[in-house]
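Structure, as structure tokens:
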Amino acid sequence: MRISKQAWKSVLTVSLGVMMLAACSNATSVKHSESHESTTPSAAAEAPKPAETKKEISISAFDRGSVPTEEGSYESNRWTKWMNDNSPAIVKWIPVDRGQAQQKLSTLFASGSAPDLVWEYDRNYIAQLANQGAIQPIDSYIDQYSTTLKKYLEDHPQLKSAMTINGKMYAVTSERSIESIANNGMWIRQDWLDKLQLKAPTTVEELIEVAKKFKEEDPDGNGQKDTVPIVFNGNGVQVMRAFFFTNENQWYLEDGHMKFGRTLDRFTDSLAFQKSLFDQGLIDKEYITDSNFQHARQLWTTGKAGIYFGNWSMDNEIRDLKANVPDAKAAPLESVASKYGKNGLYQELPSNVLVAFNSNMDKDRIETAVHFLDWMLEKGWMQMKFGEENVHYKLVDGQVPQRLDADKYRQEVAYANEYAILSQWNTKPEWIPIMAAQDALSQEIALAKSKALEVALKNEYRRDIAFSPDLPEVSQLIATFAPIATQIEVKVVTGGNTLSPAEGMEQIRQEWKRLGGENVEKLAQEWYEKNKEFLIVKK
């Protein structure tokens with residue numbers, strides 16, 4: 001389950017700022033008004049379907065704010081034009097802010113203006129849409145209209161449980177490459193460790209001691225105690241929870257009983273750890289109001305932070321750090337052990353994004369959408385991930401795309417990953433240096449990334465069941481409970497002596513019980529017993 005990483009801070013957000021996007025078109029046949037000049041030489045040879053005969057569909061896309069101004073927008077750029085020129089459909093991309101994607105998609109569904117295809121990482125959200133009738137079963141459409149995707153799904157039966165809700169296929173997906181199964185990660189300034197003659201921490205206690213040294217012993221050598229030991233992005237709290245084998249939005253099997261992560265004894269320990277870091281000034285105290293984590297990023301990239309809780313892959317953050325502090329050396333840091341042992345940091349399930357069909361789609365658009373998905377899985381994904389061959393990359397040994405210019409890729413291609421909603425890519429750690437640009441800096445970053453990917457997958461992440469209960473009662477309670485629990489947790493961490501972790505945990509459990517948590521646990525247990533054959537975690 002992947003629930004918004006911003007949720008922990010949601011109570012501090014002033015408003016959700018509901019944004020209504022333009023209604024998607026119901027047109028079935030449109031004339032393509034954009035340039036028909038193909039972006040790649042190979043495109044002409046593929047003899048795409050004439051634009052006049054193509055039908056329009058709309059698809060949601062996460063807006064991560066990563067499209068450079070020179071490239072256009074998520075709705076219109078070189079890759080949207082290339083897809084419209086070369087795929088069997090004209091696609092209208094509907095961007096939704098990544099941090100509030102589910103809220104905005106739900107608003108669009110409520111207003112009848114949701115895109116034809118919507119996708120999410122969170123299976124529970126897709127199940128919620130299915131239970132609401134907002135999306136429709138697609139078994140028969142895949143069987144009737146698909147070729148490539150149909151065969152792919154037959155060849156990958158392990159994906160079936162992710163796509164199946166209430167016994168029917170409500171979404172399609174493809175397998176994640178290992179670099180997207182690895183998710184959270186930690187980085188540490190190896191040059192700071194070397195300067196202070198420290199070893200990389202292996203336990204939460206050692207982590208605290210290293211952080212204290214980073215705070216007190218002037219690791220950046222400017223004669224001032226102005227460094228911040230630990231900063232983090234939206235994954236930071238999840239990283240700290242993982243040390244204690246608990247995730248606030250995940251269900252666990254405790255002696256065979258379904259228990260919600262936010263109510264476990266282990267969760268108390270994670271709160272105490274986080275509070276300890278805050279009270280000792282070992283984490284950036286502005287993180288509470290740093291809603292987009294730009295302050296944390298600035299501390300890291302200007303050389304003022306020593307440990308980064310974030311992702312295993314942080315190319316831009318490391319590249320910007322090296323630009324400001326050329327001698328900086330960022331090294332991946334393995335998860336540290338707590339009294340419960342060593343848990344891996346958060347890792348995704350093998351299934352990739354779940355692509356669902358709006359229940360308002362008519363037969364023509366359904367057929368067009370299936371043909372577009374076939375095309376994306378067979379041909380389109382490569383360009384979305386790597387750009388144009390011999391412009392952005394060249395193939396090494398006929399299989400490994402090697403980036404030709406890191407800055408050009410960053411400017412012109414990186415944002416296009418958003419459109420590869422189905423893909424057959426699966427990398428290997430040793431490919432990362434081959435794929436990267438060959439200049440010295442790119443190679444230094446790539447070698448660190450290659451190691452970081454291995455580190456990120458080295459320790460198994462505890463996930464007792466593949467998916468969380470998709471019952472409306474469970475979703476409704478958690479949606480009500482989450483902001484209340486977050487308020488209590490913020491008070492515990494930042495409130496000094498006003499509320500201890502144990503006292504805060506008692507309040508959290510009281511709220512869980514008051515809202516009907518015991519009944520939801522009973523329903524969750526019944527759901528587990530009924531579905532457990534589909535809930536085995538695939539390794």
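For the pair Arg365 and Asp362, the salt-bridge criterion is met [side-chain N within less than 4.0 Å of a carboxylate O]. Note on Asp284 versus Lys304: no salt bridge recorded, every NZ/NE/NH1/NH2 to OD/OE distance being 4.0 Å or above. For Glu418 and Arg64, the salt-bridge test passes: some basic side-chain N is under 4.0 Å from an acidic carboxylate O. The existence of a salt bridge linking Lys212 and Glu209 is confirmed by a sub-4.0 Å separation between a basic side-chain nitrogen and an acidic carboxylate oxygen. Ion pairing between Lys449 and Glu179 fails under the 4.0 Å rule for side-chain N and carboxylate O. Salt-bridge formation is detected for the pair Glu511/Arg514: a Lys NZ or Arg NE/NH1/NH2 atom is positioned less than 4.0 Å from an Asp or Glu carboxylate oxygen. Note on Arg98 versus Asp63: no salt bridge recorded, every NZ/NE/NH1/NH2 to OD/OE distance being 4.0 Å or above.
In this structure, a donor-acceptor pair under 3.5 Å is absent between the side chains of Asn166 and Asp470. A donor atom on one side chain and an acceptor atom on the other are found under 3.5 Å apart for Gln525 and Glu529. For the 3.5 Å distance criterion, the side chains of Ser276 and Gln280 qualify, holding a donor opposite an acceptor. No donor-acceptor contact under 3.5 angstrom links the side chains of Tyr419 and Thr80, judged on distance only. At a cut-off of 3.5 Å, with distance as the only test, a side-chain donor of Gln274 or Arg241 sits close to an acceptor on the other residue. In the model, Asn233 has a side-chain atom that pairs as donor or acceptor with a side-chain atom of Asn311 under 3.5 Å. Checking Glu348 against Asn183 by side-chain atom types alone, a donor-acceptor pair falls below 3.5 Å. Side chains of Asp374 and Ser146: a donor on one and an acceptor on the other come within 3.5 Å. Neither side chain, Glu175 nor Gln424, offers a donor N or O lying under 3.5 Å from an acceptor on the other. In summary, the side chains of Gln102 and Asp122 do present a donor paired with an acceptor at a separation below 3.5 Å, with no hydrogens or angles considered. There is a side-chain donor-acceptor pair under 3.5 Å between Arg262 and Thr486. Counting only N and O atoms by type, the side chains of Ser140 and Gln144 include no donor and acceptor under 3.5 Å apart. A side-chain donor from one of Asp315 and Ser313 sits under 3.5 Å from a side-chain acceptor of the other.
Applying the ring pair (Phe, Tyr, Trp, His ring centres under 6.0 Å) test to pairs two or more places apart or on separate chains, those with a residue in residues 478-503 are Phe481-Trp512.
Relative ring orientation between Phe357 and Tyr141 is described as parallel, the plane-to-plane angle staying below 30° on a 0-90° scale split at 30° and 60°. By the 30° and 60° cut-offs, the orientation of the rings of Phe62 relative to Trp119 is tilted.
Within the 4.5 Å cutoff, the side chain of Asn358 has no heavy atoms near those of the Ile135 side chain. In this structure, the side chains of Phe372 and Ile57 come closer than 4.5 Å at one or more pairs of heavy atoms.
Nearest heavy atom pair, residue Ser60 against residue Pro115, reads N-CB, 3.8 Å. Between Val492 and Ser500, the shortest heavy-atom distance links the atoms CG2-O, 3.9 Å. The heavy-atom pair separating Thr202 from Lys342 by the smallest distance is O-CE, 4.5 Å.
Cation-pi geometry between Arg462 and Phe245 is not satisfied (NZ or CZ under 6.0 Å from the ring centre, within 45° of the ring normal). Cation-pi geometry between Arg266 and Phe243 is not met at under 6.0 angstrom from the ring centre and within 45 degrees of the axis.
Checked against the 6.0 Å centroid criterion, the rings of Tyr308 and Phe232 do not qualify as a close aromatic pair. Checked against the 6.0 Å centroid threshold, Tyr74 and Trp93 do not count as a close aromatic pair.
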Practice prompt. Walk me through it: do Phe244 and Phe267 pass the test ring pair (Phe, Tyr, Trp, His ring centres under 6.0 Å)?
Written response: CA-CA 7 Å; Phe244 300 90; Phe267 197 79; 9.9 Å; no
